[in-house]
Amino acid sequence: MNRRSLLAAGLILPTLALPARAQSEHPVVATAHGPVRGRTDGGVAVFKGLRYGADTGPRRFQPPIRPAAWTAPAEAFAYGPASPQGSNEANQSEDCLFLNVWSPGLDRQRRPVMVYIHGGAYSNGSGSSPLYDGTRLARRNDVVVVTLNHRLNLFGYAFLQRLAGAPFLDSGNAGQLDLHLALQWVRDNIAAFGGDPGRVMVFGQSGGGAKIATMMATPSAAGLFHRAATMSGQQVTASGPWNATRRAETWLDALGLPKARAAEAATLPVETLLKASEATDPVLGFGGLYWGPVLDDRTLRRHPFYPDAPAQSAHIPMIIGNTHDETRAFLGNDPANYSLTWDDLPGKMTDREFRIDVAPEPVIAAYRRIYPDYSPSDVFFAATTAARSWRGAVIEAEARAASGSPAWVYQLDWTSPIEEGRRGAMHTDDIPLALDNVTASGSRAQGPEAQPMADRLSRAFVALARDGDPNHSGLPTWARYDLTRRQTMIMDAPARMEDDPRGAERRLFAAIPYVQPGT
């Protein structure tokens with residue numbers, strides 16, 4: 001047993017009382033499960049590795065459960081393990097249901113709570129990145145910040161309902177259920193950390209935003225958050241049960257398990273399960289297996305934003321954001337993509353890059369009319385961004401506007417000077433801006449405008465968390481998105497409002513049926 005297990009079992013005696021000065025450096029807070037001891041960092045109380053759920057290993061592919069109670073203060077000095085995954089994320093374990101809290105005051109001030117949900121699609125990442133550190137956001141804005149880990153990839157989303165039955169009926173959304181349990185912990189405990197359980201905002205980038213969009217249509221998440229913000233992360237549709245089953249069958253084939261023995265996957269080594277997930281996706285036809293939320297008629301009973309915005313979250317104020325050059329993050333690593341010719345271009349603009357069923361020639365012709373000064377490389381990055389990344393944000397904003405639900409839309413145009421700016425405003429560039437961490441390890445936000453840009457975007461997120469409206473003195477008036485003007489805040493230096501930016505691109509792709517990447 002490790003120290004945390006011993007604490008949970010009550011086998012380690014409480015530590016001796018600390019002198020007053022040390023007590024303030026190591027504050028102890030009582031939670032519903034047991035006391036926890038944190039640290040202070042420049043006036044901010046920091047608690048890392050707070051357990052919100054029991055070890056998922058013994059209950060692999062099943063809904064999470066609350067942890068056993070403990071009595072001695074558990075040390076909350078280090079991040080908890082991340083979900084097992086194929087990335088180089090440190091410290092991986094199926095015992096991964098941990099969260100982190102930053103608070104400027106352990107009192108009863110009832111501050112807004114900002115819960116950040118990490119990206120990495122549904123397969124990678126954790127809440128432990130330096131980019132997600134909540135110290136500055138908490139200290140500068142008097143808010144409580146929370147980040148968290150949950151089950152990912154096959155551990156959170158392998159759909160075994162139609163193959164193994166009970167007790168795996170909820171396996172296709174186990175990772176989402178982890179998020180719900182974490183938000184229940186916030187609801188039940190955050191007041192002890194100086195937060196307001198009635199003003200909880202969830203925000204996240206890429207896969208984190210998609211997880212939030214999914215929760216907005218999930219009945220068991222209703223009432224657990226009161227504001228939402230998504231950054232380059234949308235979920236219009238979930239995987240249907242047949243596609244999700246095909247993926248599970250492909251994975252079982254790679255494991256050497258016939259369908260009749262699907263339940264045995266719950267007993268195999270982690271490394272074996274992850275290796276099998278590298279099998280080619282049977283729906284997409286390329287890449288490893290896609291894992292994500294499933295329309296299972298239990299946890300998720302409708303698609304997140306199809307055919308309309310979900311009624312259960314219509315009252316929740318929402319920011320929907322994207323970056324102008326999303327796909328330069330994925331496709332900009334290849335130097336050849338910056339020197340394309342017009343002859344090269346049609347062969348590069350395949351369904352693999354577009355993720356929709358459209359011929360490249362008419363799209364190229366349209367872009368040459370819309371932007372006559374664009375190079376072939378400019379068209380390549382712009383069209384792939386509009387077709388597969390930006391499109392979901394537009395659909396969600398339109399659905400919110402059609403239902404009369406409050407939505408504020410932004411587009412990040414500000415470009416980092418890294419690589420002489422050739423990556424544009426790419427996917428992930430708004431993370432350090434929204435979390436006010438431009439100097440953190442891994443941040444691409446550099447140059448004299450980086451901090452002012454962080455002030456603009458992070459203060460908008462804080463304003464939404466505090467008041468349900470992102471307007472603040474550092475921005476021009478930010479109007480809600482409607483279907484007449486399609487008002488959008490262009491996050492740049494300076495920020496400005498535009499009606500229907502890239503409208504010609506929007507109309508071009510609106511004529512083509514949208515396919516949610518991965519579903």
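The structure displayed is predicted, hence computed values, not measured ones.
Looking at Asp41, its side chain never comes within 3.5 Å of a backbone N or O of Val44 through a donor-acceptor pair. In this structure, the side chain of Asp107 engages the main chain of Gln109 through a donor-acceptor pair within 3.5 Å. Judged purely by atom type and a 3.5 angstrom limit, Thr250 uses its side chain to pair as donor or acceptor with the backbone of Arg246. Checked by atom type and distance alone, the side chain of Arg136 never pairs as donor or acceptor with a backbone atom of Arg140 at under 3.5 Å. Under the 3.5 Å distance criterion, the side-chain polar atoms of Ser83 are left unmatched by any main-chain donor or acceptor of Arg151. Proximity of a side-chain donor or acceptor of Asn149 to a complementary backbone N or O of Pro81 within less than 3.5 Å is detected.
Taking the six-membered ring where the residue is Trp, Trp251 and Trp291 present perpendicular rings, their angle passing 60° and hence far from 30°. Using bins of under 30°, 30° to 60° and over 60° for the plane-to-plane angle, the ring pair Trp102/Tyr79 lands in the tilted bin. Note: Tyr116 and Tyr132 have tilted aromatic rings, judged against thresholds of 30 and 60 degrees for the angle between ring planes. Between Phe61 and Phe168, the angle of the ring planes goes over 60°, which puts this pair in the perpendicular group of the 30/60° scheme. The aromatic rings of Trp70 and His33 are tilted relative to each other, their planes meeting at an angle between 30° and 60°.
You'll find the ring centres of Phe193 and Trp185 inside the 6.0 Å limit.
Note that the CG atom of Leu300 and the CG atom of Leu295 stand 5.5 Å from one another [nearest 0.5 Å].
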- Test side-chain hydrogen bond (donor to acceptor under 3.5 Å, both in side chains) on Ser87 and Gln85 and set out the steps. CA-CA 6 Å; Ser87 77; Gln85 56 193 273; 2.7 Å; yes
- Task: Let me see the working for His118 and Thr147 under side-chain hydrogen bond (donor to acceptor under 3.5 Å, both in side chains), right down to the final yes or no.
- Result: CA-CA 8 Å; His118 71 79; Thr147 66; over 6 Å; no
- Begin with the C-alpha distance, continue with both residues' side-chain angles, and end with the deciding distance and a verdict on side-chain hydrogen bond (donor to acceptor under 3.5 Å, both in side chains) for Thr323 and Glu326. CA-CA 6 Å; Thr323 69; Glu326 299 275 5; 3.2 Å; yes
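Tested against Pro470 for a side chain to side chain contact (heavy atoms under 4.5 Å, CB included), the candidates Leu457, Leu464, Val462 yield a single pass: Leu464.
In summary, Asp436 and Arg139 do not engage in a salt bridge, as defined by a charged side-chain N under 4.0 Å from a carboxylate O. Using a cutoff of 4.0 Å between basic side-chain nitrogens and carboxylate oxygens, Asp95 and Arg51 are scored as salt-bridged.
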